[in-house]
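Take a look at the structure set out below.
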Amino acid sequence: MTKTSTCIYHFLVLSWYTFLNYYISQEGKDKVKPKIFANGARWKYLTLLNLLLQTIFYGVTCLDDVLKRIKGRKDIKFLTAFRDLLFAILAFPVSTFVFLAFWILFLYNRDLIYPKVLDTVIPAWLNHAMHTFIFPITLVEVVLRPHSYPSKKTGLTLLAAANIAYIIRILWLYFETGTWVYPVFAKLSLMGLAAFFSLSHIFIASIYLLGEKLNHWKWGQKLSPKKKKKCVDISDVLTYNSN
């Protein structure tokens with residue numbers, strides 16, 4: 001049975017991310033601010049895609065919490081499997097990557113990722129909501145409950161597919177508009193871009209493996225051997241309904 005405190009926490013986080021998405025959508029309606037969202041709108045920024053991703057994840061998590069309290073664990077295995085897969089493959093790696101990549105580049109040279117002019121457009125609290133608070137929130141989720149991870153091959157393959165999809169979108173937007181999503185890309189040569197994207201993938205893949213290690217470190221000893229053998233693979237999610 002899911003604890004009431006866990007359900008309340010997930011609901012509060014879902015409400016927070018829902019509020020952020022709504023607030024940012026209203027920001028784009030200001031006459032001074034649409035330039036930020038031009039040439040690809042909000043969905044060209046990984047930061048804002050991450051906010052949407054976290055909203056979806058915590059929405060699924062809240063639904064999982066509620067149904068577990070109503071129906072019990074056995075009746076919602078598919079939903080729990082999807083929740084764990086979403087956290088392992090995207091929610092944890094992407095939020096951690098956004099946090100680390102943003103602040104590393106910001107501290108090195110903020111003009112590469114977040115020019116000073118944005119300080120007059122985006123409030124400081126919103127900047128931290130998008131780039132700082134996402135990390136402790138995702139760490140709390142690691143500590144709060146165990147998540148079943150797929151096999152390393154499956155997990156890293158799906159993560160690579162998501163990464164390639166975003167890179168293709170970045171390149172497509174550049175060829176369509178003639179401008180890069182982030183200023184740092186304009187300063188790189190073709191080889192530099194290839195190296196940047198490759199290193200970024202290695203970085204986020206390392207974060208994925210870190211999440212798996214943290215999950216095992218926190219919960220590995222508490223899970224029964226039977227449950228450990230039943231780590232959710234993508235095939236479980238895709239074939240559950242057919243069974």
Electrostatic pair R110-D119, nearest N-O below 4.0 angstrom = yes

query = Is any side-chain heavy atom of N50 closer than 4.5 Å to a side-chain heavy atom of Y45?
reply = no

query = Can you tell me how far the CZ atom of F175 sits from the OG1 atom of T177, to the nearest 0.5 Å?
reply = 10.5 Å

inquiry  = Let me confirm one number: the CG-OG1 distance from L52 to T18, rounded to the nearest 0.5 Å.
reply    = 10.0 Å

query = Would you say the side chain of L126 lies within less than 4.5 Å of the side chain of L20, judging by non-hydrogen atoms?
reply = yes

inquiry  = Could you measure the distance from the NZ atom of K44 to the OH atom of Y166? Nearest 0.5 Å is fine.
reply    = 9.5 Å

remark   = Closest heavy-atom pair, F92 versus I207, reported as atoms and distance to 0.1 Å, is CE2-O, 3.4 Å

Smallest separation among heavy atoms of K3 and R69, with atom names = C-NH1, 3.9 Å

Please tabulate, for the side chains in residues 130-144, all donor-acceptor contacts under 3.5 angstrom to protein atoms that are two or more places apart in sequence or on a different chain.
residue	atom	partner	partner atom	Å
H131	ND1	N127	O	3.2
H131	ND1	N127	OD1	2.7
H131	NE2	T47	OG1	3.0
T132	OG1	W103	NE1	3.2
T132	OG1	H128	ND1	2.9
T138	OG1	S95	OG	3.4
E141	OE1	H10	NE2	2.8
E141	OE2	H147	NE2	3.0

task = Check whether any side-chain heavy atom of L193 sits under 4.5 Å from a side-chain heavy atom of W180, and report yes or no.
result = yes

side-chain hydrogen bond (donor to acceptor under 3.5 Å, both in side chains) against N21, all qualifying residues, sequence neighbours excluded = T55

ask   = Hey, are the side chains of Y149 and L85 touching, using non-hydrogen atoms and a 4.5 Å cut-off?
value = no

inquiry  = Working to the nearest 0.5 angstrom, can you tell me the gap between W219 CH2 and L214 CG?
reply    = 12.5 Å

ask   = If Ile, Leu, Val, Met, Phe, Trp and Tyr residues are connected whenever their side-chain heavy atoms lie under 4.5 Å apart, and connections chain through other members, are L210 and F97 in the same group?
value = yes

request  = Treat each ILVMFWY residue as a node, draw an edge where side-chain heavy atoms are under 4.5 Å apart, and state whether L51 and W125 are in one component.
outcome  = yes

ask   = Nearest heavy-atom pair of D111 and P115: which atoms, and what distance?
value = OD1-CA, 3.7 Å

request  = First locate atom CG of N163, then atom CG of L156, and finally report the distance between them rounded to the nearest 0.5 Å.
outcome  = 11.5 Å

message = Does the plane of the ring in F185 sit parallel, tilted or perpendicular to the ring in Y182? Use 30° and 60° as the thresholds.
response = perpendicular

request  = State plainly whether one hydrophobic cluster holds both I164 and Y208, where clusters connect Ile, Leu, Val, Met, Phe, Trp and Tyr through side-chain heavy atoms under 4.5 angstrom apart.
outcome  = no

ask   = Is there a donor-acceptor contact under 3.5 Å linking the side chains of S151 and T154?
value = yes

key: CZ/F11: more than 12 non-hydrogen atoms of other groups inside 6.0 Å   = no

ask   = Does any non-hydrogen side-chain atom of D65 lie less than 4.5 Å from one of R145?
value = yes

query = Between CZ of F57 and CG of L53, what distance do you get to the nearest 0.5 Å?
reply = 9.0 Å

query = Which heavy atom of I113 sits nearest a heavy atom of F102, and at what distance?
reply = CG1-CD1, 3.9 Å

query = Do you know the tightest heavy-atom contact between P93 and F87?
reply = CD-O, 3.6 Å

query = Does V13 belong to the same Ile/Leu/Val/Met/Phe/Trp/Tyr cluster as I8, with side-chain heavy atoms less than 4.5 Å apart forming each link?
reply = no

inquiry  = Using side-chain heavy atoms (C-beta onward) and a distance below 4.5 Å, is P123 in contact with Y23?
reply    = yes

task = Report yes or no: do Y58 and L12 belong to one cluster of Ile/Leu/Val/Met/Phe/Trp/Tyr joined by side chain heavy-atom distances under 4.5 Å?
result = no

ask   = At their closest point, which heavy atom of P150 faces which heavy atom of I89, and how far apart are they?
value = CG-CD1, 4.0 Å

